[in-house]
2 protein chains.
Amino acid sequence: MKGQALIGGDPAVLRRLNLEAVLRALRGREPMTTSQISKASSLSRQTVDQVLDDLARLGWVEEVAPGKSIGRPARRYRFRADAGHVLGIDVGTHSVLLILADLDGKLIETRRAVLDGEPTREERLTTIRDAAAGLLAVHPASRLRALCVGVPGIVDGAGRVRLSTPLPEWNGLDLAAEASGWFGCPAFAENDANLAALAEHWRGAAQGTDDFIQLLTGHRTGAALVLGGRLHRGRTGAAGEIAGLAILGWDGSDLADLRGEADTAQVFAAAADGDPAAVERVDRFARTYAQGTAAMVLTVNPDLVVISGGISVAGEILADPMRRYLGRLCLDAPEVRASELGVETVALGAVRLALDHVDRHLFDFRSAPESQPVDRAGAEPAAAPSAPSDERPLNQDVFELRRAATA
Amino acid sequence: MKGQALIGGDPAVLRRLNLEAVLRALRGREPMTTSQISKASSLSRQTVDQVLDDLARLGWVEEVAPGKSIGRPARRYRFRADAGHVLGIDVGTHSVLLILADLDGKLIETRRAVLDGEPTREERLTTIRDAAAGLLAVHPASRLRALCVGVPGIVDGAGRVRLSTPLPEWNGLDLAAEASGWFGCPAFAENDANLAALAEHWRGAAQGTDDFIQLLTGHRTGAALVLGGRLHRGRTGAAGEIAGLAILGWDGSDLADLRGEADTAQVFAAAADGDPAAVERVDRFARTYAQGTAAMVLTVNPDLVVISGGISVAGEILADPMRRYLGRLCLDAPEVRASELGVETVALGAVRLALDHVDRHLFDFRSAPESQPVDRAGAEPAAAPSAPSDERPLNQDVFELRRAATA
DNA sequence: CCCCTTAAGCAGGAACCCTTCATAAGGGTT
DNA sequence: AACCCTTATGAAGGGTTCCTGCTTAAGGGG
C-alpha cells in the first residue's frame, strides 16, 4: 500500500538493526555500561560489545571514564552528540537568526544577521549563506549533517517557496535545492508557523501532545497543525489558512484592532489592571479569534491549542477568554496555552526538523527512500574514524571498515 | 520518541522479515514462481524456496499448477486469501448489514438483518451476533481473523460508543470489548462516516488520494478525515463535527430544506431538468454546504472532497456548484467528487478496517504492541497445518513447526 | 531422439547471534 | 598485605540464517 520496500534481509540487515537498537538506547541518555545496554536492548552482552566497537570506530559513540561501583569497573559509552551538527535558520524580513546545535539538540551557538533595504533574491541568499559559513567556521571540527530554513509564507513539500508576502523576491525559489548546495548536506525549507509548532512540540507548551493546533498571530494570522505527532502540511502546504474564510472574521476589524505590535502589549497590560475598555477590547478580540479557531478545532478535534507569535505576550489575559469562548463553541473544547518560547522559536523548530531528518536516516533500517532532498554529498572526507560519513547506510560503513581492517 | 521497541534481532527476526517480504510480494497478485518472487524481493531463490516451504506448511500460501513456459516448468505459489476471513458490520437504526470477505478483500457473502421497534441494548447485540454466527456457519472451514462494527455516532479510540443519537441505548457501551467475545477474534468499533471514508479510499472516489475529506449527509451531516493515508479521529473521535459551529449554517434551514430523503431526489431530478426553482434550491444548499466545507478545507488543505450519504444521489448536480463555491472560498480548492459506492459503503469500510488489522499484524515484524483490542483468543485450535493461528508472530509459528518436525 | 532453456536440489562458505566458561579488575574485609 | 566478593571482559563452541556455485531434473522445439 505504501512505498514500503519489499527487500528482505541479508544477515547484514540484522547487524544494521542492532546498530540502531544500541544507538537508540544510548541516545539522549547518560552514558551506559555494556550490560545496561544489553538489558535495555535485549541483545546479548557479547553482541552489544561488538556493535559498540563498530559504532566507536565509526565515531558515533565514545568510551568515557568508568563510574564508581562495586566489582570490576564497567566500561561506559556515550552517544557522541558532537559527531554532527545541524543548523536551524529563521529568515525574517530584516534579519536572520541562525542556531547551531549538536545531535542531542543542545544549542551550540546563536548568530543574528541583518538585512537592510530591499535585497534581491541573490543578496538575501548570499547574506544567509555567509552568516552560516561564519558560524560553522568557529567550529571547524564539526560536520554539518542537515540544515533547515524557515520562511514566512507557503512552502511546498519539496521545499520550494510558493508564496511569501514578506519576502516577495523569493516567490518561486527552490530554496531547499539552493541551500543543499551550500555545505554539501541535506537542506530543507519549511513554513515558519510549522516550525514554531515543531518547537512547541519539542520543548514548549505542546510537549507530550501529539494532536494540537498552533496559532501564530503577529501582523497576520496563520496556523499550523500537528496531527498524530507529525506536521500536517496539506496538499500545497496551505493547511491552517483559515483566515481565507471571510465569514469567520479573521480579516475583520476586531482582529486588526489588536495586531499593531506597539499598541497590543499596552492593551493587554491595561486589561490585566482591570481597565474596562481594555478588557472589552480583549474580549471582543478573543471572541472573533475563538470563532476561527473553533472551525479548526471542530475539524480536527485536537488536544490543545497553542497561542504564539507577537500576540503571545498576552499570556493568560488572552488564553482565559479563549477558553471560555471555545468552551461555548465546541462540543469538546481542547486545552489552551500561550507559548512561552521566545524569539528563537522558529529557528529552534528548524533545528528540530533537521534533527528529525538525521534521526530518520539513522534509525530507519530500510534504505529509507522517503522524501530525501537534493543531495549533493560532495567529496567523501576520506572516512576518518572520527568523522562518520553521513548519507550512507550504517551497515555499508561497517562493511568498508571491516575491509580496511582485514587488508 | 514513539513507542518503538528497542529490541534488536535474533537471526529469527531476519527470518520473520523475509517471511513478510515474500508474503507481501505475493499478496493481491497473480500466482508467482519462485524466481519471480526472488527478483521482486531481492532475496536469493534458495531462501525464497525455504520461506515458501514454511509459509505453505503454515497455510499462508499454496502451490498451484505450473503455467506454460519454455524450459522446466516452475512451481507457482499463490497467497491463500481463504486462509482467513474478516467481517464488516454496518449497524443502522432498523437494520444491520454484514459482509464476509476473504483476506484479499473479495466479498464472500452479504447478509441483512432487521430490527423492529425499539430494541434494548442486549437485544440489538444479540440480533447482530446471531446474524453473524449464521453467516459464519455457512462457511465452516474459514477462520475469522477480525471483525469491525460501524456505528452512527461518536466512537472513541478504544471502541467505546461515546454518543449515538440514532442508537441511544448503546451510549456508553464498550462495543469492541463486547464483540471481541463473540468469536474469539479481535474486534473493533468505529464511527460510520470514518468507515465510509476508508471504503472510498479503498475502492471508491478517493483511490490513490491520501488526504481527503469525506462528507456524509443524510438526516444530519458529519465528516471524516483521511490525512496522510490514515484516518484522523481526533481526541475523542469527534473530528469533522463542524456542524457545531452555528455561524457556518450547517444546522440552518438551507440544509434542512434538502435533507428529507424522500423529497431530495425529486428536487435534484427537477434541477437536472432545468426547473428554475429547483436549481435555485440546490444552489442555495450548495452555498451553505460549501461554507462549512470550506472551513475544513482551509484547515487541512486536502486533495479531494467526497460527497456521500443520502445526498450523493445528486452526483454532478450538487458537485458542480460545490466546486464553484469552494473555488471562490478557498485559495486552493480541492477536487470534488460524489460517491458512487452504494448502500454497502459503511460495511465495506468495516471490512477494510478489519483487513488493516490483519495486515498490520502480518507485516509488522516488531511485536507490534500498538493498539491491540481486547483479545480473548480462546482455545488454540491444535495448529492444524491448514489453519494458521492468528494472534502470534509468524516466527513463533515457524519455530513450533520446526520443533514438531524434528521430534 | 537430441538439444536448448529454465527450474530445482545439494553442498560449501560466510555473517551473525547466543551460551558457557575461564579470566581480569576493582573494592571491602580480615 | 592477602583474601574474598562482585562484576566485567574475553575466547570458544554451537546454531541459525543467508548467499553462491555446481549438478541434476523436466519440459518444448527442431
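Every chain is numbered from 1, with letters handed out A, B, ... down the list of sequences. None of the values given here were measured: they were computed from a predicted structure.
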Review point. Any side-chain N or O of B:T34 less than 4.0 Å from the OP1 or OP2 oxygen of C:dA7?
Key: no
Review point. Rounded to whole angstroms, how far apart are CG on B:D49 and P on D:dT17?
Key: 15 Å
Exercise for review: Rounded off to whole Å, could you give me the CG-to-C1' distance for the B:L19 and D:dC18 pair?
Suggested key: 14 Å
Practice item. Describe the nucleic acid contact of A:R75 in one word from base, sugar-phosphate, nothing, applying a heavy-atom distance below 4.0 Å. Key: sugar-phosphate
Review point. If only side-chain N and O atoms of A:S44 are considered, is one of them under 4.0 Å from the OP1 or OP2 phosphate oxygen of C:dT19?
Key: no
Practice item. For A:R45 and C:dT20, give me the distance from atom CZ to atom P, rounded to whole Å. Key: 13 Å
Practice item. Report, as a single string ordered 5' to 3', how protein heavy atoms within less than 4.0 Å touch nucleotides 25-30 of chain D: B base, S sugar-phosphate only, - not at all. Key: BBSS--
Exercise for review: Could you state the atom-to-atom distance from CD of A:Q46 to P of D:dG10 in whole Å?
Suggested key: 9 Å
Revision key, fill the gap. Whole-Å distance, B:Q36 CD to C:dT6 C1', equals 12 Å
Check your understanding: Once you round it to whole Å, what is the distance between P of C:dC10 and CD of B:Q50?
Key -> 12 Å
Point to revise | Atom CD of A:Q207: over 12 foreign heavy atoms under 6.0 Å | key: yes
Check your understanding: For B:D211, what residues pass the salt bridge (Lys or Arg N to Asp or Glu O under 4.0 Å) criterion, not counting sequence neighbours?
Key -> none
Exercise for review: Check the pair B:H139, B:E109 against side-chain hydrogen bond (donor to acceptor under 3.5 Å, both in side chains), reporting the backbone distance first and the verdict last.
Suggested key: CA-CA 10 Å; B:H139 306 272; B:E109 197 172 334; 2.8 Å; yes
Check your understanding: Is the NZ or CZ atom of A:R24 both under 6.0 Å from the centre of the six-membered ring of A:F363 and within 45° of that ring's axis?
Key -> yes
Review point. Under 4.0 Å between a side-chain N/O of A:N18 and OP1 or OP2 of C:dC17, yes or no?
Key: yes
Revision key, fill the gap. Between B:T33 and A:V51, whichever has its closest DNA chain C nucleotide further toward 5' is B:T33
Revision key, fill the gap. Per atom distances to the B:T47 side chain, the nearest of C:dA7, D:dT17, D:dC18 is D:dC18
**Study point:** Main-chain N/O of A:T209 paired with A:H201 side-chain donor or acceptor, under 3.5 Å
**Key:** yes
Check your understanding: Rounding to a whole Å, what distance do you find between A:D53:CG and C:dC16:P?
Key -> 13 Å
Point to revise | Spacing between B:L17 atom CG and C:dA15 atom P, to the nearest angstrom | key: 20 Å
Review point. Can you tell me if A:S41 uses its side chain to pair, donor with acceptor, with the backbone of A:I37 under 3.5 Å?
Key: yes
Practice item. With A:R352 as the cation and A:W202 as the aromatic partner, state whether NZ or CZ is under 6.0 Å from the six-membered ring centre and within 45° of the axis. Key: yes
Check your understanding: Which nucleotide, in any strand shown, forms a Watson-Crick or G-U wobble pair with C:dT30, with both distances under 3.5 Å?
Key -> D:dA1
Exercise for review: Pick base, sugar-phosphate or nothing for A:S35, based on heavy-atom distances below 4.0 Å to the nucleic acid.
Suggested key: sugar-phosphate
